[in-house]
Protein chains: 2
Amino acid sequence: MLDNQQLSDILRANGYKVTPQRLAVYDALAAMKTHPNAEMLYSVLQPKYPSMSFATVYKTVEILHKINVIQILNTGEDSMRYDADTSIHHHIQCISCGRVDDLNGLDSLALVKEAESLSGYEIAGHQFYFFGVCPDCKKMVQN
Amino acid sequence: MLDNQQLSDILRANGYKVTPQRLAVYDALAAMKTHPNAEMLYSVLQPKYPSMSFATVYKTVEILHKINVIQILNTGEDSMRYDADTSIHHHIQCISCGRVDDLNGLDSLALVKEAESLSGYEIAGHQFYFFGVCPDCKKMVQN
DNA sequence: AAATAAATAATAAAGATTATTAAAACGTTA
DNA sequence: TAACGTTTTAATAATCTTTATTATTTATTT
């Protein structure tokens with residue numbers, strides 16, 4: 001989670017210009033608890049930036065990913081989701097409402113080591129996705 | 001991994017007819033070690049079934065998934081991959097050549113329990129994806 | 001403030017997947 | 001076994017997400 005000054009510095013350090021759209025896309029993403037796809041991001045941004053286009057959303061998340069300030073998730077849906085937290089953590093999706101939440105505090109290091117020796121691969125990254133019914137949807141079913 | 005007789009029985013039990021295309025799609029998938037997407041499946045099947053169409057490949061994997069004899073993977077690419085092994089296991093993709101392999105023998109049960117208590121979700125499934133350089137590509141880099 | 005280089009927004013294009021539909025194949029019944 | 005009714009296939013069109021193109025606008029440098 002970076003402030004505008006930090007993000008601006010990183011953009012410039014990588015040869016990208018600082019624009020209101022880029023700051024806005026990052027800020028919108030960083031402000032969300034769950035992880036939006038491009039459409040959700042666009043509909044949050046569009047009211048504040050009426051001229052914002054889908055192309056800009058896509059181009060911007062591509063750049064933010066390249067300079068390593070966001071990560072891209074794919075839970076098996078037809079669209080990608082974005083996450084402003086680049087630290088190692090995992091994700092869980094509700095099979096009822098579709099929301100994607102962070103899953104912090106899960107230690108995956110031992111499993112990665114095990115995977116490395118089992119596979120013979122030199123492992124550089126990993127993504128764990130869990131699927132289930134979120135607390136909110138559990139309540140709804142009960143009521 | 002089912003033989004044609006077993007798959008035929010399951011298809012019929014679910015109200016689907018048995019056709020050469022359905023058996024062929026399943027057999028082709030079950031015969032592969034790595035996990036193909038629709039295009040790879042199509043190009044394997046097309047020589048033997050010249051009239052096979054993409055629509056049939058997609059419709060068939062959808063049915064095979066519905067009757068629970070295959071699973072669908074998505075490593076974050078733009079296309080889905082398919083796996084004829086429906087038992088709980090995980091996957092690893094080579095960041096150099098793109099192949100997706102099985103990762104068997106990884107015990108994820110404890111982590112699922114941990115995720116359940118951390119998230120408050122009622123967890124019904126999970127997918128772990130690892131990314132790295134496969135043994136074949138490691139060799140190539142060295143030579 | 002002017003120059004120039006890059007970014008935006010609109011639009012078109014591409015690629016994966018799904019929907020539609022006429023023709024063919026399946027399976028049942030007579 | 002022939003014929004019927006239904007499902008499936010194959011071809012094609014349509015849809016949806018994402019990427020490419022391009023004229024206009026904007027950010028940075030002088």
Side-chain angles (χ1 to χ4, degrees), chain A residues 4-5 7-26 28-29 35-43 45-67 70 72-82 98 100, chain B residues 4-5 7-26 28-29 35-43 45-67 70 72-82 98 100:
Chain A
N4 284 353
Q5 188 56 59
L7 179 56
S8 301
D9 291 346
I10 296 173
L11 279 167
R12 287 203 191 89
N14 285 275
Y16 293 107
K17 294 190 173 173
V18 176
T19 67
Q21 288 91 336
R22 286 176 182 170
L23 299 179
V25 168
Y26 180 85
L29 181 58
H35 303 306
N37 56 26
E39 195 205 356
M40 297 170 193
L41 265 180
Y42 175 77
S43 47
L45 291 161
Q46 211 278 332
K48 271 197 180 174
Y49 297 81
S51 77
M52 173 77 63
S53 79
F54 257 102
T56 300
V57 173
Y58 278 110
K59 203 92 200 42
T60 303
V61 293
E62 182 195 324
I63 289 168
L64 294 176
H65 182 241
K66 258 191 204 152
I67 65 176
I70 72 169
I72 297 179
L73 310 177
N74 190 320
T75 63
E77 299 170 302
D78 46 6
S79 61
M80 303 286 172
R81 289 174 179 259
Y82 305 97
V100 176
Chain B
N4 284 352
Q5 188 55 58
L7 178 56
S8 301
D9 291 346
I10 296 173
L11 280 166
R12 288 202 191 89
N14 285 275
Y16 293 107
K17 294 192 171 170
V18 177
T19 67
Q21 288 90 337
R22 288 176 182 169
L23 299 178
V25 169
Y26 180 85
L29 182 57
H35 303 306
N37 56 26
E39 195 204 356
M40 296 169 192
L41 264 181
Y42 175 77
S43 48
L45 290 161
Q46 211 279 333
K48 269 197 182 173
Y49 297 81
S51 76
M52 173 78 61
S53 80
F54 257 101
T56 300
V57 173
Y58 278 110
K59 202 92 200 45
T60 303
V61 292
E62 183 195 325
I63 290 169
L64 295 176
H65 182 241
K66 260 191 202 149
I67 64 176
I70 71 169
I72 297 179
L73 311 177
N74 190 323
T75 63
E77 299 169 301
D78 47 5
S79 61
M80 304 284 173
R81 288 173 179 259
Y82 306 97
V100 176

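Convention: sequence-line order gives letters A, B, ...; per-chain numbering from 1. Since the structure is predicted, the reported quantities are computational estimates derived from the model, not experimental observations.
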Polar atom pairs (N or O), protein with nucleotides 18-21 of chain D, under 3.5 Å:
residue: dT18(D); atom: OP1; partner: Met80(A); partner atom: N; Å: 2.8
residue: dT18(D); atom: OP2; partner: Tyr58(A); partner atom: OH; Å: 2.3
residue: dT18(D); atom: O5'; partner: Tyr58(A); partner atom: OH; Å: 3.4

Give the rounded distance in Å between these two atoms: [atom1] of [X] and [atom2] of [N].
{"X": "Met52(A)", "N": "dT25(D)", "atom1": "CE", "atom2": "C1'", "result": "15 Å"}
{"X": "Gln46(B)", "N": "dT9(D)", "atom1": "CD", "atom2": "P", "result": "16 Å"}
{"X": "Lys66(B)", "N": "dT7(D)", "atom1": "NZ", "atom2": "C1'", "result": "14 Å"}
{"X": "Leu45(B)", "N": "dA10(D)", "atom1": "CG", "atom2": "P", "result": "11 Å"}

My understanding is that only residues two or more places apart in sequence, or in another chain, count here; which of them pass side chain to side chain contact (heavy atoms under 4.5 Å, CB included) with Ile72(A)? His65(A), Met80(A), Tyr82(A)

Please round to 10 degrees the angle between the axis of the first five pairs and the axis of the last five pairs in the helix from dA1(C)-dT30(D) to dA30(C)-dT1(D). 20°

Between Ser8(B) and Leu23(B) the two heavy atoms that sit nearest each other are OG-CD2, 3.9 Å

Taking all atoms of both residues into account, what is the closest heavy-atom pair of Val57(A) and Leu45(A), and its distance? CG2-CD1, 4.4 Å

Can you tell me how far the [atom1] atom of [X] sits from the [atom2] atom of [Y], to the nearest 0.5 Å?
{"X": "Glu62(A)", "Y": "Ile67(A)", "atom1": "CD", "atom2": "CD1", "value": "11.5 Å"}
{"X": "Arg81(A)", "Y": "Leu41(A)", "atom1": "CZ", "atom2": "CG", "value": "10.5 Å"}
{"X": "Phe54(B)", "Y": "Ser43(B)", "atom1": "CZ", "atom2": "OG", "value": "7.5 Å"}
{"X": "Asp78(B)", "Y": "Asp78(A)", "atom1": "CG", "atom2": "CG", "value": "12.0 Å"}
{"X": "Tyr16(B)", "Y": "Ile10(B)", "atom1": "OH", "atom2": "CD1", "value": "13.0 Å"}
{"X": "Ser51(A)", "Y": "Gln21(A)", "atom1": "OG", "atom2": "CD", "value": "6.0 Å"}

Please check: side-chain N/O of Thr56(B) versus main-chain N/O of Met52(B), any donor-acceptor pairing under 3.5 Å? no

Judged by atom type as modelled, is there a donor-acceptor pair below 3.5 Å linking the side chain of Arg22(B) to the main-chain atoms of Lys17(B)? yes

Using only side-chain N and O atoms of Thr56(B), determine if any of them is under 4.0 Å from OP1 or OP2 of dA10(D). yes

If the cut-off is 4.0 Å, is Arg12(A) near the phosphate of dT28(D), judged by side-chain N/O to OP1 or OP2? yes

I'd like to know whether Asn14(B) forms a side-chain contact (heavy atoms from CB on, under 4.5 Å) with Ile63(B), so could you lay out the CA-CA distance, the side-chain angles of the two residues, the decisive distance to 0.1 Å, and finally the verdict. CA-CA 10 Å; Asn14(B) 285 275; Ile63(B) 290 169; over 6 Å; no

Residues of residues 19-26 of chain B with a heavy atom under 4.0 Å from any atom of DNA chain D, listed by number, are Thr19(B), Gln21(B), Arg22(B)

side-chain hydrogen bond (donor to acceptor under 3.5 Å, both in side chains) filter on Ser79(B), not counting sequence neighbours, yields Asn37(B)

At a heavy-atom distance below 4.0 Å, which nucleotide of DNA chain C is the first touched by chain B, and which is the last? dA16(C) to dG27(C)

